[in-house]
Amino acid sequence: MPARPRLRIATWNINSLRLRAPLLRRLIDALDPDVICLQETKVPDELFPHDALAEYGYAHVAHRGMKGYNGVAVLSRLELAVADDAPDWCLKNDRRHLLVTLAAPGGPVDLHVFYVPAGGDVPDRAANPKYAHKLDFVAEAGAWFAARPGLRRTVLVGDLNIAPLEHDVWSHRQLLDVVSHTPAEVAGLNAWRDTAFVDAVRHFVPADQKLYTWWSYRNRDWRASDRGRRLDHAWVTPDLVPALAGHTILKDARDWPKGSDHVPVQIELTL
DNA sequence: ATGGTGGATGTTCCA
């Protein structure tokens with residue numbers, strides 16, 4: 001294990017790992033991450049594309065996938081161990097979470113990768129089961145971390161599908177009743193984060209500055225309209241805040257050929 | 001108010 005103190009962790013909703021595996025070369029060239037966390041891999045574990053990923057040199061891989069939907073994975077230059085006792089959120093067995101322990105400089109770092117349910121279109125728990133699932137998932141995750149006080153050296157990343165701050169969306173007023181920015185979702189996400197974590201990207205970027213990680217495919221000229229939302233997040237426990245050394249939101253990735261509608265987010269720690 | 005695009009799948013669901 002190289003004795004370097006730097007740890008770069010990238011997270012990306014890749015929206016089909018098999019389709020977009022070639023784009024990981026661009027991500028690696030741009031960010032040089034030590035660990036890559038992926039969501040919406042959309043590939044069952046028995047079909048995980050180890051061969052297509054081998055050239056990138058991430059020797060340590062963990063994945064939890066299923067056919068067609070969801071799916072999370074971690075590609076790591078550091079040795080890792082997968083926690084086999086992570087919860088089955090909402091008892092759906094739907095492959096939205098991985099917990100690994102990284103053999104990081106200075107000692108182990110726990111890394112959670114989440115893909116929170118998108119929640120459908122109608123922001124009404126009674127009318128829309130997908131929205132109810134999303135709220136329940138966030139509440140359950142918050143309760144799980146609340147039951148584990150004093151977490152240390154822990155990082156949580158992923159597509160959390162909620163933009164919590166006013167300037168995490170292009171129009172706070174117009175998105176208050178749009179799933180991803182409703183007060184109920186924001187309250188749930190904030191409560192979850194506050195059980196154990198600090199928002200590592202907003203640590204660097206003031207709250208009054210617009211910040212997005214996702215632009216809909218349905219905007220033909222996404223950069224001109226710039227109707228984005230910050231759905232992808234990186235959180236760290238407070239003991240790691242002094243180690244935060246930088247962040248990158250790889251906005252240019254939204255223009256990659258056949259790209260995802262999400263762009264990669266990376267944080268760098270000096271451990 | 002509506003529909004716009006994209007992936008996996010299979011004539012539709014999910015985002």
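Lettering of chains follows the sequences in order, A, B, ..., and the numbering in each one begins at 1.
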Checklist outcome for this item: Which of A:L102, A:V236, A:L7 passes side-chain contact (heavy atoms from CB on, under 4.5 Å) with A:V155? It is A:V236
Checklist entry - With respect to the phosphate group of B:dG6, does any side-chain polar atom (N or O) of A:R218 fall under 4.0 Å of OP1 or OP2? => result no
Next on the checklist: Distance check needed: B:dC13 C1' versus A:K130 NZ, whole Å only.
Outcome noted: 7 Å
Checklist entry - If we take the C1' atom in both B:dC14 and B:dG4, what is their distance in whole Å? => result 16 Å
Checklist entry - Rounding to the closest angstrom, what is the interatomic distance between B:dG7 and B:dT11 at atom C1'? => result 16 Å
Checklist entry - Any side-chain heavy-atom pair from A:F197 and A:T237 closer than 4.5 angstrom? => result yes
Item to check | Gap between atoms CG and P, on A:D261 and B:dA15 respectively (whole Å) | outcome: 12 Å
Checklist entry - Does the distance from a Lys or Arg side-chain N to an Asp or Glu carboxylate O, for A:R230 and A:D199, drop under 4.0 Å? => result yes
Checklist entry - Which residue lies toward the 5' end of DNA chain B, A:G120 or A:N15, if each is placed at its nearest nucleotide? => result A:N15
Next on the checklist: Tell me the interatomic distance from A:D121, atom CG, to B:dT2, atom P, rounded to whole angstroms.
Outcome noted: 13 Å
Next on the checklist: Measure CG/A:D94 against P/B:dC13 and give the value in whole Å, please.
Outcome noted: 19 Å
Checklist entry - Checking all strands, does A:R20 fall into the base, sugar-phosphate, or nothing category for heavy-atom contacts under 4.0 angstrom? => result sugar-phosphate
Next on the checklist: From CD1 of A:I14 over to P of B:dG6, roughly how many Å is that when rounded to an integer?
Outcome noted: 17 Å
Checklist entry - Expressed in angstrom and rounded to an integer, what is the separation of A:H262 atom NE2 from B:dC14 atom C1'? => result 12 Å
Item to check | B:dA15 and B:dT9, which share atom name P, separated by this distance in whole Å | outcome: 15 Å
Next on the checklist: Under the rule for side-chain contact (heavy atoms from CB on, under 4.5 Å), what residues qualify as partners of A:A54, not counting sequence neighbours?
Outcome noted: none
Next on the checklist: Tell me the interatomic distance from A:Q39, atom CD, to B:dG7, atom P, rounded to whole angstroms.
Outcome noted: 17 Å
Next on the checklist: On DNA chain B, compare the nucleotides closest to A:Y69 and A:K258; which residue's is nearer the 5' end?
Outcome noted: A:K258
Checklist entry - Other than A:V61, what residues sit in its cluster of Ile, Leu, Val, Met, Phe, Trp and Tyr side chains whose heavy atoms are under 4.5 Å apart, directly or through others? => result A:W12, A:I14, A:L17, A:L23, A:L24, A:L27, A:I28, A:L31, A:I36, A:L38, A:V43, A:L47, A:F48, A:L53, A:Y56, A:Y58, A:L75, A:L250, A:W256
Item to check | Nearest to side-chain heavy atoms of A:K67, which nucleotide of B:dG10, B:dA15, B:dG4 | outcome: B:dG10
Checklist entry - Atom CG of A:N219 and atom C1' of B:dG3: how far apart are they, to the nearest Å? => result 12 Å
